[in-house]
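Down below is the structure, laid out as structure tokens.
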Amino acid sequence: MTGARLGAGAAPGKIILLGEHAVVYGQPAIAAALSIGLGAACEAHPVPRLRIPAWGQSGLDITLDGSRLDAVGRAFAAILAVVDPPSRAVLVTVDGELPLGVGLGSSAAFAVAVARAVADHAGKRLDQAQILAAAAAAERVFHGNPSGLDHTVCTLGGCLLYQRHATPRFTPLAVARPLDAVLAWTPRAGSTRQAVEGLRARHDAAPAQYDRLFEYMGALTRAGEQALAAGDADALGRLFDLAHGCLNACGVSTPTLEAMVHTARSAGALGAKLTGAGNGGAVIALTDGDSQPVHAALRTAGFQAAICRIGG
Ligand code: PMV
């Protein structure tokens, strides 16, 4: 077929290694790109269309034909408007292993992968600022006024230190080597916003006590920065365990998350913690080496899980 050019794009998922929730109170957090993510393929098509076979009950198939759009459709339109305004006649198909809606950056990975695929199809070379702009437009559709952490990590990769109100807000971190880990996840009860608001209410009832806890969580993040720079997986695992205890004290863990953390530790993980907002969502278990026993134990216990690497 003449002109049947295929564009391709990919983006990693993201994970918060240390500092979630405390980051809302000014403490630093560390986020990392995951070795699992999403890929997008783009081809010419009479009307703009997006297909995501793995999302929704029987897959998503959205055509931008002037009819009312859901958030995914509006995010797709926002990406096209930034990346390729004159010619929007493309079919984009998105696929990948990244689980949806559990705090692993699926919406940001979607946006970055689609932006890259559409640009590639149009023969455009986007710089990082342009990809960030396209992804930010999509993330605003999904999340209103997001911090930018997810799409920044999904675009830049590696590990980043993030601190609100700091300049710069994102600092790339030196990582001695990528580390092996296992992810497990369970559906979330409520949104990130609800988890943050719940903790805000607990904080406001006893600010001095919570502020000390958040300061300690910030100190764990700083120690994590050292552990990553040294490639010290034992130290990072210990920090994960301590951080998980703090997040439990913050009231954002659940019996299922506790069971996943205990299962991973009993199977030999160097440390395990919930990641992101909590109230369900994902757990990360550091393995540094053979991830199979931890992965198998989580699967045997009935949890969804995947082997991955962080910091690559
Ligand atoms: O689970 P996620 O990726 O939505 O992460 C939320 C991180 C929090 O610190 C809980 C909230 C925030 O805005 O930083």
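Just so you know, ligand 1 is whichever comes first in the structure, and atom 1 is the first atom listed for that ligand. Just so you know, residue 1 is the first one in the sequence shown, and it goes up from there.
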All pairs passing side-chain hydrogen bond (donor to acceptor under 3.5 Å, both in side chains) where residues 171-184 contributes a residue, at least two apart
R177-D288, D180-R309
Would you mind listing every ring pair (Phe, Tyr, Trp, His ring centres under 6.0 Å) that reaches into residues 11-30, with sequence neighbours excluded?
Y25-H203, Y25-F214
L64: which of V47, L69, L50 passes side chain to side chain contact (heavy atoms under 4.5 Å, CB included)
L69
Check this for me: R200, atom CZ, are more than 12 non-hydrogen atoms of other residues, nucleotides or ligands nearer than 6.0 Å?
yes
What pair of heavy atoms forms the shortest contact from A233 to L179, and how long is it?
CB-CD2, 4.1 Å
Could you pull out every N or O of ligand 1 that sits under 3.5 Å from a protein N or O, with the distance for each pair?
from: ligand 1; atom 1: 1 (O); to: R188; atom 2: NH2; distance (Å): 2.2
from: ligand 1; atom 1: 1 (O); to: A277; atom 2: N; distance (Å): 2.9
from: ligand 1; atom 1: 3 (O); to: K14; atom 2: NZ; distance (Å): 2.7
from: ligand 1; atom 1: 4 (O); to: T192; atom 2: OG1; distance (Å): 2.7
from: ligand 1; atom 1: 9 (O); to: H21; atom 2: N; distance (Å): 2.9
from: ligand 1; atom 1: 13 (O); to: R164; atom 2: NH2; distance (Å): 3.2

Give every residue pair that meets the ring pair (Phe, Tyr, Trp, His ring centres under 6.0 Å) criterion with at least one member in residues 161-194, sequence neighbours excluded.
Y162-F170
